[in-house]
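Structure, as C-alpha cells:
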Amino acid sequence: MKNKSKLINLSLTHIIMIIFLMMLLFPTFVMLSTSFKTFEGVLGWPPQWIPDDFQFVNYINVWIGDYQFYKPFLNSMIIAGSVGLLSLLLGTPAAYALSRYKFAGRKLFLFSVLATQMFSPVVLLVPLYKIVRSMGLINTFTSVIIGRSAFALPMVIWLLTGYLSNIPKDLEEAAMVDGCSLFKSLYKIILPLAGPGIATAGIYAFIMGWNDLMFSLTFINEAEMAPITLAMSDFVGKNVVYWHEMMAAAVISILPVAIMFSYIQKYLVKGLTSGAVKG
Amino acid sequence: MRKRYLPYLFIMPAVIFMLLIVAYPILLTFRSSLFHEVLIRPWEGVEFVGMDNFVTLIKNQEFWSSLQRTAIWTVSSVLGKTLIGLSIAILLNQKFKFRGIYRTLILIPWVTPQVVSAIIWRWVYNGEYGMLNYVLMRLGLINTGISWLGHKTTAFIAAVINDMWIGIPFMIVVFLSGLQGIPNELYEAAKVDGANRIQTLFKITLPQLKPVFLTATILSIIWTFNSFNIIWVLTKGGPVNATETLVIKTYKEAFGKFDIGMGSTYAVTTFILLMIFSLFYWRMFSEKDEI
C-alpha cells in the first residue's frame, strides 16, 4: 500500500518534471536545431525538428562571414573583462573593510551599495551621456566599462563581504603578530584564501558586462565598436534575418557565460541568499 | 590610532567611484527634470521651468498607462516565476533518480544572456516560420499561424513569458537551497503527529521558507520592474506602446525624442518609486537581523 503510493508519487514527479523541462528547453532546442539548418531549411514548412544534415559551416560563416561575429565577440570580451577587473579592484578593499571593521558610516555605505542595486541605470543615463559626450568618450569601450562597473560594483561588494566574513579574523592577526605588515598579511594570507570568492564576484561582474545593452546602446553607435548584445539586436532589426546564422551566433554568445557560470553557480546562490541578507 | 582611518582608506576608491558615476549624475537628473531642454531643438534653449515637467507628466495619460502597464508586467511575471519556481523546487526537494540531471538542465535559461534570449524568442514567436505556431498547430490549439509580436495583447504576454523564462531558474535554485535548509527533525515531528502532506506544506515548509521567499521575491520584483533588455530587443515597447514599461518609456523620452527635461522627469519618478520600495525592503530586513 505504502510502496504503491510512493511509486505513483515518483512517476508523477518525473512526468511533471519532463513536461516542464520540455517547455523550458524548447527555445534552447529551437536555437540549437536552427543553428544547424540551411537557409532554405529555416524557411521550410513544416519546420524540421532536427535538420537532415548538420550545417556546422553556419558557425564559421557567422564568425567570419557577412556578420563578422568575431568582432562584436572580441569587443564584448574586452568590455566584460574590464568590468570584471575594475569592479574587483574597487570592490575587494571595500568588502574587506566591511567584513573586518566597525566604523562610523558603515551602515550608510552598505545602504548606498544596496540601494544602487535597486534602480535601473536609466535613472542616470542622461547626465552620464552628456558627460561622456563632453569628454569625447562616445564610441569608446571606456564609457561602457565605467557605466556598467558602477552597477556591477555593488554586487561584487555584496558577494565578497559575505565571503570574507567567513574567513577567520585570527589569521591575519596571527600573521601580524609574527611581524607581517597588514598589507603583507593581506596579500599573503587573505587574498589566497579569498580566491574562490574573488573569482565568483569577478565572474559575476564579467557576466553583467557581457549582458550589457543599455550603456552600449547609448554610448556606442559605430558597428566596429558594438558588443554582441548591440550587434545581435541590430542584426535582427534588419529586413532579411539569416536565422540559422543568428542562432549560431546565439550559441556562441551563450558559451562563455555557461562555462563561467557552471563554476560559480553554487557559491552565487549561497551569497545571494544567506550572505546577502546578512550584508 | 592607525586602525581608525584604515577602513576609510579601503572603501575610499569605491566611494569616490560611486559618487562620481552614480550619485553625481542622479543629482544632475533631478536638476534636469526642472528644465526644458530638447537636444534636437537647440534653438529652444535650456530654460528653468520649475515643476512644470512633473505637472505635464501627471496630466499625461501616457504616463498613467505606462505605470499601470509596469505594474501588470511586474506582478504577472513575478507571480509566474514564484509559483512555478516554488512548485518545481518542492518537487526537486525529494530524493529520486536523475534529480541531478534535472537540476542541471534547469539552469540553461539562466546562463542565456537576456538579449540573446530575446533574439531566440523572436525566432520562436515568428509569425511565418516560428516553431511555436507549428507546435500549437500540431497540438490543435490554433488553426492558423499567429504573429505573436504583431498584436498588442499577444506581444505583452510574449514578453512576460520571455522574462519568466529567464527568471524561473533563479527562483527554483534559491527556493531549493531554502528548502534544503529546513531541518529534517521538523518533518519527522510532523510525521509523528500524523500531519498529512498538505498540512506539512502549509505549517512547516512555507513558514520556514519565509526569509528566503522574501529575499527572492523582492529581488525579482526589482529586477522585473527594471527590465529593459528583453522588452527592447523583443518589441522596443511596441506594437504601438503595448509593452512600454516605465523604464522603456524613460529611455525613449531621453534617447528617442532627445527630450532631456521630460526624460529626466520620467527617470526621477521611476527613481522615487524604487527608492520608496528599497527603503521598505531595508526596514523589513534590518528589523529582524542584526546588521
Side-chain angles (χ1 to χ4, degrees), chain A residues 10 13 16-17 20-21 24-25 27-28 30-31 34 42-43 45-47 90-91 93-94 96-97 101 103 109 111 114-116 118-120 122-128 146 150 153 157 210-211 213-214 218 229 232-233 236 243 246-247 250 253-254 257-258 261 265 269 273 276-279, chain B residues 7-8 10-11 13-14 17-18 21-22 25-26 28-29 32 88 91 94 96 102 105 107-109 111-116 119-124 129 131 134 165 173-174 177-178 211-212 215 222 226 228-229 232-233 247 250-251 254-255 260 263-264 267 270-271 274 278 282 285 289 291:
Chain A
L10 202 65
T13 304
I16 297 174
M17 278 315 300
F20 172 71
L21 278 173
L24 192 77
L25 299 182
T28 310
V30 171
M31 168 187 72
T34 308
V42 169
L43 303 183
W45 195 267
L90 297 165
Y96 178 77
Y101 301 101
F103 52 93
F109 180 60
F111 176 72
L114 275 177
T116 314
M118 312 245 160
F119 54 80
S120 157
V122 82
V123 166
L124 42 82
L125 214 50
V126 169
L128 218 50
I146 288 179
L153 182 58
I157 294 177
W210 191 259
N211 291 348
L213 175 66
M214 205 187 264
T218 315
T229 47
M232 285 182 83
S233 44
V236 290
W243 284 109
M246 281 313 297
M247 290 302 116
S253 319
I254 294 173
V257 185
F261 191 85
Q265 183 252 329
V269 174
T273 50
V277 180
K278 257 203 263 156
Chain B
Y8 298 105
F10 282 127
I11 64 168
F17 187 75
M18 296 303 279
I21 311 295
V22 180
I26 287 180
L28 289 180
T29 304
S32 289
I88 300 295
L91 281 182
Q94 309 168 88
F96 55 83
Y102 291 153
L105 288 175
L107 298 176
I108 289 176
V111 301
T112 311
Q114 290 181 346
V115 170
V116 177
I119 286 163
I120 300 169
W121 275 100
R122 261 179 87 140
W123 171 229
V124 169
Y129 309 105
M131 266 299 208
Y134 176 66
W165 186 76
V173 171
V174 171
S177 83
V212 171
T215 316
I222 293 165
N226 283 334
F228 175 83
N229 296 2
W232 190 262
V233 177
V247 170
T250 308
Y251 192 85
F255 296 101
I260 300 300
S264 303
T270 311
F271 179 75
L274 270 168
S278 4
W282 178 256
F285 282 103
D289 303 301
I291 298 195

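In what follows, chains carry the letters A, B, and so on, assigned in the order in which the sequence lines appear, proteins first and then strands, with residues in each chain numbered from 1.
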(message) Quick check: closest heavy atoms across B:Ile21 and A:Ala150, and the distance to 0.1 Å?
(response) CG2-CB, 3.6 Å

(request) Could you grab the distance from atom CG of A:Leu125 to atom OG1 of A:Thr218, nearest 0.5 Å is fine? (result) 4.0 Å

(message) Less than 4.5 Å to any heavy atom of chain A: does that hold for the side chain of B:Ile108, its backbone, both, or neither?
(response) side chain

(request) For chain A, find which of B:Val233, B:Asn229, B:Leu107 contributes the most heavy-atom pairs closer than 4.5 angstrom. (result) B:Asn229

(request) Below 4.5 Å from any heavy atom of chain A, which atoms of B:Tyr102 appear? Answer side chain, backbone, both or neither. (result) both

(message) Quick check on B:Trp123 against chain A: is it the side chain, the backbone, both or neither that has a heavy atom closer than 4.5 Å?
(response) both

(request) Pick one of side chain, backbone, both or neither for A:Thr116, based on which atoms fall under 4.5 Å of a heavy atom in chain B. (result) side chain

(message) Using heavy-atom distances under 4.5 Å, tell me whether B:Val115 contacts chain A through its side chain, its backbone, both, or neither.
(response) side chain

(message) Heavy-atom pairs under 4.5 Å with chain A: which of B:Thr250, B:Ile260, B:Ile120, B:Val173 has the most?
(response) B:Ile120

(request) Name the region of A:Leu21, side chain, backbone, both or neither, that has any atom closer than 4.5 Å to a heavy atom of chain B. (result) side chain

(request) Under 4.5 Å heavy-atom distance to chain A, tell me which part of B:Phe17 shows up: side chain, backbone, both or neither. (result) side chain

(message) Looking at chain B, which one of A:Ala97, A:Ser253, A:Pro93, A:Gly91 has the largest number of heavy-atom pairs inside 4.5 Å, strictly under?
(response) A:Pro93

(request) Please look at A:Met247 and chain B and tell me whether the side chain, the backbone, both or neither of the residue comes under 4.5 angstrom of a heavy atom of that chain. (result) side chain

(message) Just so I understand: if I count every heavy-atom pair under 4.5 Å between each of B:Ala254, B:Ala267, B:Gly178 and chain A, which residue has the most?
(response) B:Ala267

(message) Going by ring pair (Phe, Tyr, Trp, His ring centres under 6.0 Å), name the residues that satisfy it together with B:Phe10, two or more places apart in sequence or in a different chain.
(response) A:Tyr96

(message) Tell me which of these, A:Val30, A:Leu25, A:Leu124, has more heavy-atom pairs under 4.5 Å with chain B than the rest.
(response) A:Leu124

(message) Counting heavy-atom pairs under 4.5 Å with chain B, which one of A:Asn211, A:Val257, A:Val123 comes out on top?
(response) A:Val123

(message) Quick check for you: among B:Ile119, B:Ile222, B:Leu105, which has the greatest number of heavy-atom pairs under 4.5 Å with chain A?
(response) B:Ile119

(message) I'd like to know whether the aromatic ring centres of A:Trp243 and B:Tyr129 sit less than 6.0 Å apart in this structure.
(response) no

(message) To check you understand the geometry: which heavy-atom pair defines the closest contact between B:Ser264 and B:Thr29, and what is its length?
(response) CB-O, 3.4 Å

(request) Identify which part of B:Phe228 has an atom lying under 4.5 Å from any heavy atom of chain A, answering side chain, backbone, both or neither. (result) side chain

(request) May I ask you to name which of A:Val126, A:Val42, A:Leu24 has the most heavy-atom pairs under 4.5 Å with chain B? (result) A:Leu24

(message) Give me the atom names and distance for the closest heavy-atom approach of B:Pro211 to B:Thr215.
(response) O-OG1, 2.9 Å

(request) Pick one of side chain, backbone, both or neither for A:Leu153, based on which atoms fall under 4.5 Å of a heavy atom in chain B. (result) side chain

(message) As an exercise, state the distance from CD1 of A:Ile254 to CE of A:Met31, rounded to the nearest 0.5 Å.
(response) 4.0 Å

(request) Side chain from CB out, backbone as N, CA, C, O: work out which of these in A:Phe20 comes under 4.5 Å of a heavy atom of chain B, or both, or neither. (result) side chain

(message) Quick check on the interface: out of B:Thr270, B:Leu28, B:Ile88, who has the most heavy-atom pairs with chain A under 4.5 Å?
(response) B:Ile88

(request) Side chain from CB out, backbone as N, CA, C, O: work out which of these in B:Met131 comes under 4.5 Å of a heavy atom of chain A, or both, or neither. (result) both

(message) Looking only at heavy atoms and a cut-off of under 4.5 Å, which of B:Trp165, B:Trp121, B:Phe96 has the most pairs with chain A?
(response) B:Trp165

(request) Measure the spacing between CD of B:Gln114 and CH2 of B:Trp232 and express it to the nearest 0.5 Å. (result) 15.0 Å

(request) Check the pair B:Val247 / A:Met214 against side-chain contact (heavy atoms from CB on, under 4.5 Å), numbers first and verdict last. (result) CA-CA 11 Å; B:Val247 170; A:Met214 205 187 264; 4.1 Å; yes

(message) So for A:Met246, is it side chain, backbone, both, or neither that comes closer than 4.5 Å to the heavy atoms of chain B?
(response) side chain

(message) Which atoms of A:Leu10 are under 4.5 Å from chain B, going by heavy atoms: the side chain, the backbone, both sets, or neither?
(response) side chain

